[in-house]
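Right, one structure below, let's go through it.
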Amino acid sequence: MALASPAAAQTGGDPIYYQDPDGRPFYSLTPTKTPDGRDYRPVAAGADLSFDEEPPAATAVTVAADRKIKFYRNPMGLADTSPTPKKDSMGMDYIPVYEDEDTDDGSVKLSPGKIQRTGVKSEPAALRIICTQIRAPGTVQLDERRVSIVSFRFEGFVEKVEDVTTGEHVHKGQALMRVYGPSLSSAAAEYLSALNAKADSGVSAQALKGARRRLENLGMPEKAIAEIERTREISLSIPWPAPQDGEILERAAVNGMRAAPGDMLFRIADHQVVWVLVDIAERDLEQIAIGQKVDVRPRAFPSRAFSGEVVLIYPHLNAQTRTARVRIELANPDGLLRPDMYVDAEIETGNPRPVLTVPESAVLDSGSRQAVFVDKGQGRFEPRDVKLGHRGGGYVEVREGVAEGEPVVVSANFLIDAESNLKAALKGFSDAGAQP
C-alpha cells in the first residue's frame, strides 16, 4: 500500500479529498483549515492510495480492438452500471465488463495476472481405485458353533472324574469321567442278550438293531458299545468321552454326584477359530460388505496382525450409540486371541475397479450442494454441480457432473467462487435496473 507523498498530493488533476498538512489521519471532502490556520492539502486521484503492483500512472483502461465493452460496473460492487466510462463519488473508475465476460452459462473469467496471484491450479479428473480404511474397536468372542456341553440323557451317577480341570485342553474322545446309570446298564444288558441270542439264531436282526438303537438313544458312546460287542461283558461304569477338541470352560462334575438328564457337567469350547465383534458407525455402513478383508491387532499384542473377513452384518442398530455390529471371523491356531480381549480392526473398503475421481480440495461443499469449477481454458472457469461417492486417499468419487480428463480447479477455488457470486449479484442488479 502506497500513501500519497506531500509533493505528489499537489499534482495529478482535480482533488478528490483534502488531507491534514502534517500527514495525520485527518481528511475532509471540502477545503478546510487546521486549528492553527493552515490549509489542508488537496489530494488528486492519481496521488490516492494504491494497492496495485503497478504504479498509479498505469491505471488507464485499455481496451483491445477485438473486445467490445458491454457496460461499466461500480467498482465497489454497488447496484449501479453505466454504458459509458465514469467515476464514483470517490473518484474511482468504473470497471469495464466485456461481452465475452458477461455470459449466461454462469462461468467466471479471470485475467492471467489474477490467476497467477491467487495461485489457481487445475488437475484433470481421472480413473483411480479408491480404498478407504474404516477403523473400529472390538472384542474377541467365542465361535458359538464351536461350544458344546457334556450332559446325560438319563439319570446317572458320576463314579469318578478324570484328571481334567477348568482351562485345560482336551481332545475329542478323551475320557472325562466314569459314569453309572441304571437305565443305561439295563439297556446294555438287553443288547448283550440280543447279541448272544443272535449267536444261537434265536433273535431276529430287527430285534438286535432295536436293542442297539436304545443304547444310542441314551447317548452311550460308540466306543463303549463296541467294547460290549467285543468282550460280551457289561462294566458297572463306562468312560464318558469329550465330544470335541477344546478347552474346558466349566467343570461342574465331581466324584459321586448324581446328575439328572440335561444337567451341565462340562462346557468345552474350541478356540481355533474365534469371532471379533466390532461396532461400525451408522454413516460408514454403506461401505461395509460381506467378504471384505480385515486386519485385526489385539491390544495385548500390538505387533501381531491377524487377517480375517467380514462374515455377518447384524440386522439391528444400537439406538444409544448409533452403531451396527459386524462379525469378523479369524483363525486362531496359536490360541493368542482370548475371549473378551480388546482389539483394533481395520476394514478395507472401496471398489476394486477404477472410478472417476477428483481431489477432495476441488469440491465446494455447502452441505446441500456439491460443486467443482471446470477449467475451460482462456482464464474461464465453469461451476458444475456434481454427485459424489466414496472418499479415500485424498480423492473423492464423482458419479455425475464431470467427464474423464476434464480439468478441475484444485487450488484457490474458493476465490473463484467468491468472484462468481459477485458476478451473479451484479448481473441480478443490472437486470433489475433494466426493467421498467
Side-chain angles (χ1 to χ4, degrees), residues 136-181 184 216-224 237-279 294 296-302 304-312 314 316 318 325-345:
T139 57
V140 178
Q141 300 294 332
L142 292 172
D143 186 340
E144 297 170 354
R145 302 163 298 183
R146 294 175 175 265
V147 180
S148 61
I149 65 170
V150 177
S151 62
F152 298 151
R153 299 179 185 177
F154 54 88
E155 185 172 344
F157 297 87
V158 178
E159 183 179 85
K160 178 186 177 183
V161 180
E162 300 294 342
D163 187 19
V164 291
T165 58
T166 302
E168 289 188 8
H169 183 84
V170 294
H171 299 281
K172 182 177 182 179
Q174 179 180 339
L176 300 176
M177 55 189 169
R178 294 193 68 85
V179 177
Y180 164 74
L184 191 64
E216 294 173 348
N217 291 341
L218 289 173
M220 176 176 278
E222 185 64 32
K223 188 175 180 180
S237 61
I238 61 172
W240 207 263
Q244 68 173 54
D245 290 346
E247 287 71 34
I248 298 176
L249 302 181
E250 297 181 48
R251 172 189 148 162
V254 294
N255 293 340
M257 71 174 290
R258 174 173 172 265
D263 287 351
M264 193 273 293
L265 301 175
F266 287 89
R267 183 165 173 258
I268 302 173
D270 183 8
H271 294 83
Q272 294 298 303
V273 176
V274 295
W275 292 348
V276 170
L277 302 182
V278 299
D279 294 327
V294 185
V296 176
R297 293 182 182 274
R299 296 182 183 178
F301 310 101
R304 292 289 302 271
F306 296 81
S307 297
E309 64 179 27
V310 176
V311 296
L312 179 67
Y314 284 77
H316 302 291
N318 188 316
R325 181 152 288 185
V326 173
R327 183 195 298 171
I328 301 163
E329 194 169 286
L330 295 178
N332 185 32
D334 299 331
L336 293 179
L337 298 176
R338 296 172 172 84
D340 298 322
M341 182 179 285
Y342 284 115
V343 299
D344 294 308

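This is a predicted model, so every value here is computed, not measured.
- Taking the side chain as every heavy atom from C-beta outward, R304 and D334 approach each other to under 4.5 Å.
- Between I238 and P221, the closest heavy-atom pair is CD1-CD, 3.9 Å.
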(request) Tell me, with the steps shown, if N332 and Q272 meet side-chain contact (heavy atoms from CB on, under 4.5 Å). (result) CA-CA 5 Å; N332 185 32; Q272 294 298 303; 6.0 Å; no
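- Using a 4.0 Å cut-off between charged side-chain N and carboxylate O, E329 and R145 make a salt bridge.
- With hydrogens and angles ignored, the 3.5 Å screen pairs a side-chain donor or acceptor of N255 with a backbone N or O of V161.
- The minimum heavy-atom distance linking V278 with G138 is given by the pair CG1-CA, 3.7 Å.
- Residues R325 and N318 form no side-chain contact, since every pair of their non-hydrogen atoms from C-beta on lies 4.5 Å or further apart.
- Side-chain contact check for V179 versus S237: every heavy-atom pair is 4.5 Å or farther apart.
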(request) Please lay out, stage by stage, how Q244 and V170 fare under the test side-chain contact (heavy atoms from CB on, under 4.5 Å). (result) CA-CA 8 Å; Q244 68 173 54; V170 294; over 6 Å; no
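- Between F154 and F152, the ring planes lie parallel to each other; the angle is under 30°, not in the 30° to 60° tilted range.
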Using residues 257-268 as the side-chain source, report each donor-acceptor pair under 3.5 Å to any protein atom, sequence neighbours left out, with the distance given to one decimal.
| residue | atom | partner | partner atom | Å |
| --- | --- | --- | --- | --- |
| R258 | NE | E155 | OE2 | 2.6 |
| R258 | NH2 | E155 | OE2 | 2.2 |
| D263 | OD2 | A260 | N | 2.9 |

(message) Before you tell me yes or no, could you show the steps for W240 and V158 under side-chain contact (heavy atoms from CB on, under 4.5 Å), namely the whole-Å CA-CA distance, both residues' side-chain angles and the distance that decides it to 0.1 Å?
(response) CA-CA 10 Å; W240 207 263; V158 178; over 6 Å; no
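- In this structure, Y180 and F157 have parallel ring planes: the angle between them is below the 30° cut-off, well short of the 60° mark.
- Between E162 and P239 there is no side-chain heavy-atom pair separated by less than 4.5 Å.
- The environment of OH in Y342 is sparse: at most 12 heavy-atom neighbours from other residues, nucleotides or ligands sit within 6.0 Å.
- Between P243 and V150, the closest heavy-atom pair is CD-CG2, 3.7 Å.
- Residues P302 and R297 come closest through the heavy atom pair O-NH1, 3.4 Å.
- Distance check: R338 CZ to L336 CG gives 6.5 Å after rounding to the nearest 0.5 Å.
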(message) Evaluate V294 against V276 for side-chain contact (heavy atoms from CB on, under 4.5 Å), listing each step before the verdict.
(response) CA-CA 10 Å; V294 185; V276 170; over 6 Å; no
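- We find the CD1-CG distance between I328 and L277 to be 8.5 Å, quoted to the nearest 0.5 Å.
- In this structure, D143 and V274 have side chains that are not in contact, with every pair of non-hydrogen atoms separated by 4.5 Å or more.
- In terms of heavy atoms, W275 sits closest to L142 at CE3-O, 3.6 Å.
- Interatomic distance, OG of S148 versus CG of D245, reported as 10.0 Å (0.5 Å rounding).
- For the side-chain hydrogen bond (donor to acceptor under 3.5 Å, both in side chains) with H271, the lone residue among H169, E247, R146 that qualifies is E247.
- The shortest heavy-atom contact between P298 and V343 is CA-CG1, 3.7 Å.
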